[in-house]
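Since the structure comes first, as structure tokens, the remarks are kept for the end.
For ligands, and for the atoms within them, numbers begin at 1 and follow the listed sequence.
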Amino acid sequence: QTIGLVTTSLALHAPSQVAAAVKRYANLDGYQVLISMIDENVNHDIQFAINELKSQLVDKVIINVPLETEEAQHIASDNDDIVCLFLDVDPYSSVFNVSFNPADGTRASVKHLYELGHREIALLAGPESSVSAKLRLKSWIDTLSNYGLKPVTVFHGNWDAQSGYAGALQMLRETPNFTAVLVGNDQMALGVLSAFHQHQIAIPGEKSVVGYDGTYESSFFYPSLTTVSLDLDLQGKEAVRRLLDSGHGDAARSSSVLPARLIVRHSTG
Ligand code: IPT
């Protein structure tokens with residue numbers, strides 16, 4: 001018996017940790033996993049990947065690709081002969097999904113910085129093409145405004161360390177007065193730490209950094225990263241369980257929103 005996983009780039013830490021969990025829990029249930037990684041997040045490629053899985057008689061597929069609600073709905077209805085479960089969609093949409101609360105961790109991270117006395121906070125979000133990146137950004141901005149604050153500046157990276165590094169350098173040139181930066185994921189935060197080190201900026205003495213994902217590696221960054229932790233292993237586990245429990249009627253498909261929580265380490269002060 002086989003289930004499918006259509007995933008965005010496994011060069012990224014979060015999707016690769018999710019894929020590892022999907023494989024582990026599927027294997028424990030006696031299932032194999034066929035993984036199809038797509039390069040660009042275009043519907044055409046996703047459908048191509050699904051067709052390939054169908055040709056191998058796979059009828060249950062986990063899709064870990066950032067998708068707008070409408071795109072996900074289309075994919076689900078175009079493929080109603082199989083079960084599609086989505087991992088990177090708006091958690092409160094009607095599509096069958098296992099995803100993370102986009103607001104609880106972001107709120108906790110803004111509160112954490114505020115209580116440490118930070119008022120000049122910069123934002124380095126993920127790509128504009130990612131629903132999750134947009135939801136995190138919106139929640140940061142809403143929470144800041146609840147404290148009467150506006151971000152010093154808003155940048156977008158593409159999730160990798162290089163883009164975080166470049167974003168941080170540009171912030172240092174254009175709006176160097178910020179005292180903390182909220183970053184859309186740990187890999188970009190790694191690039192930010194590197195840029196600050198290169199400029200001999202003390203972390204957290206001069207600037208604090210908060211990541212997002214809580215990937216395994218983030219506790220080994222220097223300094224160890226304060227981050228919003230997603231239980232990616234649990235997401236993989238829940239996705240496999242809900243997919244295998246799903247029947248062909250909507251009734252048997254229940255989505256789930258997992259919590260995100262702040263882990264305070266040494267990059268904030
Ligand atoms: C999201 C990660 O937070 C981010 O770091 C990046 O890896 C992205 O995935 C890739 O699409 S997690 C997702 C389930 C919202």
Side-chain angles (χ1 to χ4, degrees), residues 5-22 35-42 45-46 49 62-69 71-72 84-93 95-106 109 123-140 155-165 167 182-192 209-218 221 225 227-240 242-243 255-263:
L5 172 64
V6 178
T7 180
T8 194
S9 173
L10 291 174
L12 293 172
H13 297 175
S16 78
Q17 290 179 12
V18 171
V22 165
I35 298 182
S36 178
M37 185 181 114
I38 59 170
D39 297 321
E40 296 287 331
N41 295 338
V42 273
D45 290 350
I46 298 172
I62 294 170
I63 300 178
N64 190 13
V65 177
L67 290 168
E68 298 289 341
T69 302
E71 296 174 307
C84 296
L85 185 157
F86 297 88
L87 301 188
D88 196 353
V89 291
D90 182 338
Y92 303 107
S93 68
V95 293
F96 185 27
N97 75 85
V98 172
S99 47
F100 291 98
N101 183 318
D104 53 359
T106 44
S109 56
L123 306 179
L124 177 41
E128 273 160 306
S129 57
S130 158
V131 188
S132 307
K134 283 188 290 191
L135 291 172
R136 290 171 199 175
L137 175 60
K138 181 179 183 308
S139 177
W140 283 333
F155 275 75
H156 288 271
N158 71 358
W159 294 132
D160 71 13
Q162 161 66 33
S163 70
Y165 176 78
L182 289 159
V183 189
N185 78 342
D186 292 350
Q187 284 180 270
M188 294 194 295
L190 179 61
V192 171
V209 181
V210 181
Y212 203 108
D213 282 347
T215 41
Y216 302 126
E217 295 77 12
S218 65
F221 292 0
L225 190 67
T227 185
V228 173
S229 165
L230 306 180
D231 191 338
L232 300 168
D233 188 77
L234 180 63
Q235 189 188 31
K237 182 182 185 180
E238 277 292 298
V240 168
R242 284 170 192 266
L243 187 73
S255 295
S256 132
V257 182
L258 308 172
R261 68 191 178 88
L262 181 72
I263 300 183

contact_flag S130 ligand 1 heavy-atom lt 4.0 Å: no

Would you say Y212 touches ligand 1, if touching means a heavy atom closer than 4.0 Å? no

Is it the case that D213 and T215 place a side-chain donor and acceptor less than 3.5 Å from each other? no

Quick one: look at L87 and ligand 1, take heavy-atom pairs under 4.0 Å, and tell me if it's side chain, backbone, both or neither. backbone

Per-atom contacts, ligand 1 versus D213 - under 4.0 Å to a heavy atom: 2 (C), 3 (O), 4 (C), 5 (O)

Among the heavy atoms of Q17, does any lie under 4.0 Å from an atom of ligand 1? no

Please report whether ligand 1 has a polar contact with N185, defined as an N or O pair separated by less than 3.5 Å (distance criterion only). yes

Gap between atom CG of L182 and atom CH2 of W140 - 0.5 Å precision: 5.5 Å

Would you find a donor on one side and an acceptor on the other, under 3.5 Å apart, between the side chain of N185 and the backbone of Y212? no

Please indicate whether any nitrogen or oxygen in S132 is less than 3.5 Å from any nitrogen or oxygen in ligand 1. no

Which of the atoms in ligand 1, numbered in the order shown and given with their element, are less than 4.0 Å from a heavy-atom of A14? 2 (C), 7 (O)

Donor-acceptor check, side chain of N158 to backbone of D160, threshold 3.5 angstrom: yes or no? yes

What atoms of ligand 1 come closer than 4.0 angstrom to any heavy atom of P15? 7 (O), 10 (C)

Mind checking the OG-CG spacing from S132 to L137? Nearest 0.5 Å is all I need. 12.0 Å

Output for pair (S218 OG, I263 CD1), nearest 0.5 Å, gives 6.5 Å

Could you tell me whether M188 approaches ligand 1 through its side chain, its backbone, both or neither, with non-hydrogen atoms closer than 4.0 Å? neither

Kindly compute the distance separating CG (L10) from OG (S16), expressed to the nearest 0.5 Å. 6.5 Å

